[in-house]
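Comments concern the structure below.
Remember, it's a predicted structure, so these values are computed and weren't measured experimentally.
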Amino acid sequence: MASPGTGNALGAQKVRAILLDAGGVLVFPEPGHLLPPLRTAGLDPGPAVLQRAHYQAMAAQDQEAMPPAPGTWWRDYLTTYVTACGAPADRAARLAAEIAGRPRPGSWAHAGLGVKDGLAALAALGLPMGVVSNSDGSVQGDLRRTGLCYVPDGPGPGPGVEDTSAEGVEMGVILDSAVVGVAKPDPGIFRLALDALGVPAGRDVLHVGDSLRYDVTGALAAGLQPVHMDPYGFCPAPGGHPHIASLAELAELAGR
């Protein structure tokens with residue numbers, strides 16, 4: 001099904017490689033970390049509401065004139081997120097600050113709805129694939145922990161955690177901005193990924209992400225074709241780039 005926005009046709013006639021963002025494309029905030037404080041506040045959102053709240057929070061950040069500050073972005077994200085989950089406006093900031101003030105490992109280690117099947121459909125296309133994420137050094141372990149994807153020489157899921165990598169898709173590269181020292185929208189992080197895949201930059205290389213500011217802008221700067229993961233049509237500036245609602249939709253379009 002075509003996603004909301006300005007059409008669903010990919011810019012490339014024949015796709016040569018695919019790069020994926022992690023947060024908002026593969027993984028989402030861990031419900032087990034967020035639901036207890038939300039329930040204490042009288043809210044009990046289901047999985048679909050939680051996932052929709054993520055996209056509302058990302059769209060809100062994309063609409064800000066300045067990029068989120070590193071020290072406050074999570075709290076600001078959560079303010080919109082908990083509001084989208086039903087928190088009253090006069091309580092949202094306090095609830096967001098409470099959650100943000102108690103950071104926990106694995107906060108982004110939850111596979112999104114339909115992601116495993118969609119990722120398997122992409123892998124079946126046989127194209128070079130990689131992950132490019134603005135993260136804190138944890139993305140490889142989180143993706144392996146969820147059983148979504150891995151690189152063969154990457155870190156394991158962590159002490160005491162069963163290694164489920166065999167259930168996931170093997171990636172050619174998984175880049176974490178905190179590890180490589182460059183972050184989206186800087187085109188340098190995309191060049192590192194393409195070098196690892198042995199693929200030159202071009203509009204027949206897709207980068208799929210949920211952020212207009214980081215993913216769409218960064219992919220364009222790197223000479224790639226951006227594809228906005230925008231299942232609810234929240235993109236504040238939808239012109240000039242394709243939108244999709246799911247990885248399954250992407251697999252269908254890229255396979256044509």
Taking the side chain as every heavy atom from C-beta outward, state whether Met229 and Leu247 have any pair of such atoms under 4.5 Å apart. yes

Shared hydrophobic cluster for Tyr81 and Leu26 (ILVMFWY, side-chain gaps under 4.5 Å): no

Using atom types as modelled and distance alone, determine if a side-chain donor or acceptor of His228 lies under 3.5 Å from a backbone N or O of Pro226. no

Side chain of Arg102, backbone of His33: donor and acceptor closer than 3.5 Å? no

Given Lys184, which of Asn134, Thr217, Asp21 fulfils the side chain to side chain donor-acceptor pair (under 3.5 Å) condition? Asp21

Flag the pair Val179 / Val139 as yes when at least one side-chain heavy-atom distance between them is below 4.5 Å, and no otherwise. no

Would you say the side chain of Ile244 lies within less than 4.5 Å of the side chain of Val227, judging by non-hydrogen atoms? yes

Drop me the distance from Leu113's CG to Phe28's CZ, to the nearest 0.5 angstrom. 7.5 Å

Flag yes if Leu212 and Ile189 sit in one hydrophobic cluster, no otherwise; membership is Ile, Leu, Val, Met, Phe, Trp, Tyr, and two members link when side-chain heavy atoms are under 4.5 Å apart. no

Check Glu252 with Arg256, please: is the shortest side-chain N to carboxylate O separation under 4.0 Å? yes

For the hydrophobic clusters of this structure (ILVMFWY residues joined by side-chain heavy atoms under 4.5 Å, transitively), does one cluster hold both Phe234 and Trp73? no

Nearest 0.5 Å, what's the CG-CG distance between Leu127 and Leu122? 8.5 Å

Hey, could you give me the CD/SG distance between Gln56 and Cys85, rounded to the nearest 0.5 Å? 8.5 Å

Grouping I, L, V, M, F, W and Y whenever their side-chain heavy atoms are under 4.5 Å apart, do Tyr55 and Val27 come out in a common cluster? yes

Is it the case that Asp142 and His110 place a side-chain donor and acceptor less than 3.5 Å from each other? no

For the residue pair Phe190 and Leu224, establish whether any side-chain heavy-atom pair is separated by less than 4.5 Å. yes

Would you indicate whether the side-chain heavy atoms of Pro67 and Arg213 approach each other to under 4.5 Å? yes

Check whether any side-chain N or O of Thr146 sits under 3.5 Å from a backbone N or O of Ala109 as a donor-acceptor pair, and report yes or no. no

Please check if the side chain of Glu64 supplies one atom and the backbone of Met66 the other of a donor-acceptor pair under 3.5 Å. no

Between Leu95 and Leu38, is there a side-chain heavy-atom distance shorter than 4.5 Å? yes

Results of salt bridge (charged side-chain N to carboxylate O under 4.0 Å, His left out) for Asp44 - residues two or more places apart only: Arg39

Please determine whether side-chain contact (heavy atoms from CB on, under 4.5 Å) holds for the pair Lys14 and Asp204, giving the CA-CA distance in whole Å, both sets of side-chain angles, and the decisive distance to 0.1 Å. CA-CA 6 Å; Lys14 185 172 180 58; Asp204 53 358; over 6 Å; no

When you measure from the side chain of Arg203 to the backbone of Leu220, do you find a donor-acceptor pair of N or O atoms at a distance under 3.5 Å? no

Nearest heavy-atom contact between Ala92 and Thr79 is CB-O, 4.0 Å

Do the side chains of Arg52 and Val49 get nearer than 4.5 Å, heavy atoms only? no

Does the side-chain contact (heavy atoms from CB on, under 4.5 Å) test come out yes or no for Leu206 and Leu19, once each step is laid out? CA-CA 6 Å; Leu206 309 181; Leu19 299 176; over 6 Å; no

Is the side chain of Glu249 donor-acceptor paired with the backbone N or O of Ala245 at a distance under 3.5 Å, no angle test? yes

Heavy-atom pair of closest approach, residues Ala193 and Leu175: N-CD1, 3.4 Å

Ala201 versus Leu194, closest heavy-atom pair with distance: CA-CD1, 3.6 Å

Hydrophobic cluster membership, with links at side-chain heavy-atom distances under 4.5 Å among I/L/V/M/F/W/Y: are Val216 and Val25 in one? no

If you measure only the distance, is there a donor-acceptor pair under 3.5 Å linking the side chains of Asp215 and His207? yes

Are Trp108 and Tyr77 an aromatic pair by the rule of ring centers under 6.0 Å? yes

Would you name the heavy atoms of Gln63 and Pro236 that are closest together and state the gap between them? CG-CB, 3.4 Å

Contact summary for Glu98 and Pro37, nearest pair of heavy atoms: OE2-CB, 4.1 Å

Set out, in order, the CA-CA distance, both residues' side-chain angles and the distance that settles side-chain contact (heavy atoms from CB on, under 4.5 Å) for Val131 and Val173, then state yes or no. CA-CA 6 Å; Val131 175; Val173 63; over 6 Å; no

dist Asp210:CG -> Gln61:CD (nearest 0.5 Å) comes out at 10.0 Å

Atom pair CE (Met58) and OG (Ser211), whose distance is rounded to the nearest 0.5 Å: 4.5 Å

Test side-chain contact (heavy atoms from CB on, under 4.5 Å) applied to Glu170 and Val151, step by step: CA-CA 6 Å; Glu170 182 176 328; Val151 287; over 6 Å; no

Rounded at 0.5 Å granularity, tell me how far CG in Leu119 sits from SG in Cys149. 6.0 Å

So do the side chains of Gln225 and Leu10 get within less than 4.5 Å of each other, counting heavy atoms only? no

Between Pro238 and His243, what is the shortest heavy-atom contact and its length? O-CE1, 3.0 Å

